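Since the structure comes first, as structure tokens, the remarks are kept for the end.
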Amino acid sequence: MSQISLTFPDGSLREYPSGITASEVAQSIAPSLAKAAISAQLDGAHYDLAWPITADAKIAINTLKDDDAALELIRHDFAHVMARAVQEIWPDVKVTIGPVIKDGWYYDFDREEPFTPEDLGVIEAKMKEIINRRDPVRTEIWERERAVAFYEGNNEPYKVELINSIPGDEPLRMYWHGDWQDLCRGPHLQHTGQLPADGFKLMKVAGAYWRGDSSRPMLQRIYGVAFKDRKALKAHLLMLEEAAKRDHRKLGREMDLFHMQEEAPGQIFWHPNGWTIYTQLQDYMRRQQTKGGYVEVNTPQVVNRVLWERSGHWENYQEHMFIVEVDEEHAREKTVNALKPMNCPCHVQIYNVGLKSYRDLPLRMAEFGSCNRYEPSGALHGIMRVRGFTQDDAHIFCTEDQIEAETERFIEFLRNIYADLGFENFTIKFSDRPEQRAGEDAVWDRAETALANATKAAGCEYTLNPGEGAFYGPKLEFVLTDAIGRDWQCGTLQVDFVLPESLDATYIGADGGKHRPVMLHRATLGSFERFIGILIESHAGKLPLWLAPQQVVVASIVSDADDYVYETVAALQAAGLRAKADIRNEKINYKVREHSLAKIPVILAVGAREVADGTVSVRRLGDNRTQTQPLAELIEELRIEATPPDLR
RNA sequence: GCCGCUGUAGCUCAGCUGGUAGAGCACAUCAUUCGUAAUGAUGGGGUCGGGGGUUCGAGUCCCUUCAGCGGCACCA
């Protein structure tokens with residue numbers, strides 16, 4: 001048999017007979033390594049230990065100590081162990097797929113009866129039992145006909161469908177964990193006993209469509225999380241608990257920011273506190289937009305269907321629109337209008353008034369546009385996904401040549417704003433041409449290149465979302481993450497070749513002829529509602545002073561200080577600070593606690609001493625120390641701190 | 001929209017196998033003037049999400065509907 005040479009991570013080289021397994025290689029180094037080994041990397045790719053090696057390669061033996069490889073493997077094996085447990089308990093359940101995801105895995109099952117939360121405990125117990133069996137894992141490569149016949153015989157139609165969708169040249173790997181079998185890419189652990197039996201937890205059951213297709217059957221998905229040991233699992237569960245405390249829905253109530261109610265699902269009742277945040281943010285954005293070369297406009301809420309027909313929304317977006325029928329007295333039939341779900345068609349109407357010259361381009365038209373969309377009921381989520389919202393929207397009318405420069409300019413605009421608001425980290429997703437699209441490929445080529453170049457020129461990285469662009473053009477999405485780790489698209493920039501055409505926007509070029517502008521739809525925050533939700537969660541409610549609804553509360557310690565409290569509040573308010581008095585007949589402990597829970601950034605306590613000295617005792621949110629200082633000095637300090645970042 | 005779960009006082013929640021609602025906090029009144037995360041006493045407050053049904057009797061069982069939550073799908 002021929003020899004192969006394997007290079008180890010430390011650079012050393014060893015000769016082995018071809019066909020040797022990674023497990024045997026590990027054994028040749030140290031029996032303890034062979035025991036601890038979980039998988040191998042060959043030239044960077046991940047393999048089972050039992051995989052025969054037939055060519056020279058760089059090899060690394062993974063053990064549970066190797067974080068990434070180990071967690072990936074552990075979670076993958078847990079998915080199998082869970083599926084096995086489910087089938088051992090309910091033999092008639094059909095298995096489908098079960099991939100590794102962030103922090104864990106899920107597995108989708110087809111079963112008539114719903115899994116109950118109690119079932120999860122039963123499954124967990126069975127999983128522990130399976131782990132304790134320490135069943136060896138073995139794998140075989142099968143011909144697809146044999147595999148199809150096998151799964152048909154076992155009444156596993158989903159597996160048959162999977163095999164039929166795997167490209168013909170890919171080998172099919174069949175895995176056995178003891179006597180339980182699954183089709184899988186692998187790799188897997190040596191035996192189930194390598195799994196940390198106290199390092200996992202089944203989290204929730206949810207419905208999920210087979211192959212993500214809403215026209216296909218709904219399966220039951222069980223989610224689990226897994227870590228290397230009990231300690232890491234507990235840390236993760238604790239983190240989830242902490243994250244739940246930052247939920248904007250909870251903080252919104254506690255801080256008295258807003259509420260929502262049944263009569264207006266997906267719409268927000270902003271309370272004075274919440275509305276203060278909103279207006280501060282809007283004022284800030286208005287200043288930024290003015291500086292950024294935008295003109296601001298405002299357009300109607302209720303618009304006749306005729307315009308929506310011309311823009312294409314009536315055909316493509318009608319089911320998401322609130323339709324308003326008006327029975328006008330002298331009209332033969334009802335007038336049909338819709339609340340605007342987007343601002344773009346209205347902006348084109350403004351653009352279209354009067355002739356535009358190439359000298360007017362790029363024309364950046366902004367609106368804090370109130371939109372209403374009839375979002376599917378299941379999509380609603382606090383103030384992050386609502387039916388009534390306001391975008392910090394703008395449309396840039398420009399030439400095709402200007403796309404790249406305008407895109408770069410926008411990314412820089414957005415990045416500055418995000419930085420001001422405390423978001424140094426965001427991700428960019430680049431969605432390119434979908435299958436179904438309007439326009440010529442050559443134009444798409446140029447537009448996609450322009451977006452990619454502009455992103456790079458702005459010094460940003462992006463991840464590709466292949467085929468996810470709008471039918472009218474490619475787009476960039478700027479994504480922020482909420483407290484629980486869910487991603488939300490906030491900013492966006494979308495190239496549009498279609499709407500200028502359908503609404504007949506033109507400009508007069510240098511050649512004296514009429515030309516089509518390109519439109520860039522862009523939003524920085526996205527919607528104020530969603531962005532404020534993210535803002536609340538990322539700060540855990542402790543907003544920077546300039547955004548905090550109530551900035552200062554002045555609390556009396558004794559009632560003799562009441563007059564001084566009012567004087568102090570008046571002085572703070574005169575300096576432009578949002579301050580209020582608390583002279584209730586309560587102990588200072590009580591007041592401090594209450595205002596701290598309400599997330600008021602600065603608490604001033606005043607008693608006899610402060611009255612006599614003209615000082616205040618200052619306590620900052622999140623800090624249990626206090627500091628006494630002259631009122632005038634504090635006001636100067638707070639005034640600077642409360643200035644919005646762009647005005648400092 | 002789909003699957004599952006939930007819906008009792010402003011908030012957080014209890015209410016066993018059906019017998020006609022309960023706690024803490026909050027609120028109000030009174031007492032207390034107390035130095036940095038809950039002072040005490042007293043009191044008011046709920047057609048148990050809405051509608052229908054079973055029953056002598058329903059917060060508890062059934063149907064239906066609305067909303068919320070967790071996913072999935074959607075997200076021009």
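A, B, ... follow the sequence lines: proteins, then strands. Residue 1 opens every chain. Note that this is a predicted model, so its numbers are computed, not measured.
- Within the 4.0 Å cut-off from OP1 or OP2 of B:G1, at least one side-chain nitrogen or oxygen of A:S377 is found.
- Atom CZ of A:R216 is surrounded by more than 12 heavy atoms from other residues, nucleotides or ligands within 6.0 Å.
- Contacts of A:R221 with the nucleic acid, taken as non-hydrogen atoms under 4.0 Å apart, involve only primed sugar atoms and P, OP1 or OP2.
- Base contact: A:K587 has a heavy atom under 4.0 Å from a base atom.
- On the C1' atoms, B:C34 is 50 Å away from B:C66, given to the nearest whole Å.
- The aromatic rings of A:F397 and A:H395 sit tilted relative to each other, their planes meeting at an angle between 30° and 60°.
- Under the Watson-Crick and G-U wobble criteria, each requiring two contacts below 3.5 Å, nucleotide B:G24 is paired to B:C11.
- A:H521 comes within 4.0 angstrom of no nucleic acid atom, judged by non-hydrogen atoms across all strands.
- Remark: P of B:C5 and CD of A:E113 are 11 Å apart, rounded to the nearest angstrom.
- Using a 4.0 Å heavy-atom criterion, one finds that A:A206 contacts the bases of the nucleic acid, with or without backbone contacts as well.
- Taking a cutoff of 4.0 Å between a charged side-chain nitrogen and a carboxylate oxygen, A:D247 and A:R249 qualify as a salt bridge.
- By the 30° and 60° cut-offs, the orientation of the rings of A:F200 relative to A:F78 is tilted.
- Nearest to the side chain of A:P376, among B:A37, B:G71, B:G1, sits B:G1.
- Protein atom OH of A:Y209 is 11 Å distant from nucleotide atom P of B:G1, rounded to whole Å.
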Between the protein and nucleotides 40-49 of chain B, which nitrogen or oxygen pairs come in under 3.5 angstrom?
none

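- B:G1 atom P lies 19 Å from atom CG of A:D213, rounded to whole Å.
- To the nearest whole angstrom, the two P atoms, one in B:G68 and one in B:U8, are 14 Å apart.
- The partner of B:C16 cannot be assigned: no Watson-Crick or G-U wobble pair with both contacts below 3.5 Å exists in any strand.
- Listed for the A:E501 side chain is no donor-acceptor partner under 3.5 Å among the backbone atoms of A:F497.
- Separation of the C1' atoms belonging to B:U12 and B:C72 is 30 Å when rounded to the nearest angstrom.
- At the heavy-atom level, A:Y106 lies nowhere under 4.0 Å from the strands shown.
- Within the 4.0 angstrom heavy-atom criterion, only backbone atoms of the sugar-phosphate kind lie near A:R253; the bases stay farther away.
- Note on A:A379: a base of the nucleic acid sits closer than 4.0 angstrom, heavy atoms only.
- For B:G71, the OP1/OP2 oxygens have a side-chain nitrogen or oxygen of A:R486 closer than 4.0 Å.
- Listed pair A:R530 / B:C75 fails the phosphate criterion, with no side-chain N or O lying under 4.0 Å from OP1 or OP2.
- Remark: A:R253 fails to qualify as a cation-pi partner of A:F258 under the 6.0 Å distance and 45° angle criteria applied to the six-membered ring.
- Base pairing of B:G44: no nucleotide in any strand meets the Watson-Crick or G-U wobble criterion (both distances under 3.5 Å).
- Distance from the side chain of A:I588 is smallest for B:G35 among the nucleotides B:G70, B:C72, B:G35.
- B:C34: no Watson-Crick or G-U partner with both key distances under 3.5 Å is found in any strand.
- Checking B:G68, B:A37, B:G35 against every side-chain atom of A:V592, the shortest atom distance belongs to B:A37.
- For A:E594 and A:R584, the salt-bridge test passes: some basic side-chain N is under 4.0 Å from an acidic carboxylate O.
- In this model, no side-chain donor or acceptor of A:Y374 finds a partner on the base of B:G1 within 3.5 Å.
- Counting distance only, with no hydrogens placed and no angle test, the side-chain atoms of A:E610 and the base atoms of B:G35 include a donor-acceptor pair under 3.5 Å.
- Heavy atoms of A:G473 sit nowhere under 4.0 angstrom from any nucleic acid atom.
- Among the nucleotides B:A37, B:A73, B:C75, the one closest to any side-chain atom of A:L597 is B:A37.
- Residue A:N589 is in sugar-phosphate contact alone, with no base atom involved, counting any heavy-atom pair closer than 4.0 Å across all strands shown.
- In this entry the distance linking CG of A:L240 with C1' of B:G71 reads 15 Å, nearest Å.
- As rounded to the nearest Å, B:U54 and B:U47 have P atoms that lie 25 Å from one another.
- Among the nucleotides B:A38, B:C2, B:G70, the one closest to any side-chain atom of A:R249 is B:G70.
- Nucleotide B:U55 forms a pair with no other nucleotide shown, judged by Watson-Crick or G-U wobble geometry with both contacts under 3.5 Å.
- Distance check on atom C1': B:A23 versus B:G15 gives 11 Å, rounded to whole Å.
- Atom NZ of A:K591 is separated from atom P of B:A38 by 15 Å (rounded to the nearest Å).
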Output a table of nitrogen or oxygen pairs between the protein and nucleotides 26-28 of chain B separated by less than 3.5 Å.
| from | atom 1 | to | atom 2 | distance (Å) |
| --- | --- | --- | --- | --- |
| B:A26 | OP1 | A:Y590 | OH | 3.1 |

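- Salt bridge A:E641/A:R620: present, at least one basic N to carboxylate O contact under 4.0 Å.
- Among the heavy atoms of the strands, none lies under 4.0 Å from A:L219.
- At the phosphate of B:G68, neither OP1 nor OP2 sits under 4.0 Å from any side-chain N or O atom of A:H381.
- Within the shown strands, B:A67 is the pairing partner of B:U6 under the Watson-Crick or G-U definition, both distances less than 3.5 Å.
- You won't find any donor-acceptor pair under 3.5 Å spanning the side chain of A:R211 and the base of B:A73, going by distance alone.
- Rounded to the nearest Å, the gap between the P atom of B:C61 and that of B:A14 is 15 Å.
- Spacing between atom CD of A:Q261 and atom P of B:C66 amounts to 18 Å, rounded to whole angstrom units.
- Rounded to whole Å, the separation between the P atoms of B:G35 and B:A21 comes to 45 Å.
- In this structure, A:R216 places its CZ atom 17 Å from P of B:C3, rounding to the nearest Å.
- Nucleotide B:C74 is matched to nothing when pairs are restricted to Watson-Crick or G-U wobble geometry with both distances under 3.5 angstrom.
- Using a 4.0 Å cut-off between a side-chain N of Lys or Arg and a carboxylate O of Asp or Glu, A:K250 and A:E254 qualify as a salt bridge.
- A salt bridge does not link A:D92 to A:R111: none of the charged side-chain nitrogens sits closer than 4.0 Å to a carboxylate oxygen.
- With P as the reference atom, B:G7 and B:C27 are 27 Å apart, rounded to whole Å.
- Within 4.0 Å of A:A608, counting heavy atoms only, lies at least one base atom of the nucleic acid.
- We find that CG of A:D119 is positioned 11 Å from P of B:C5, with the value rounded to whole Å.
- Residue side chain A:R385 reaches the base of B:C74 through a donor-acceptor N/O pair under 3.5 Å, judged by distance alone.
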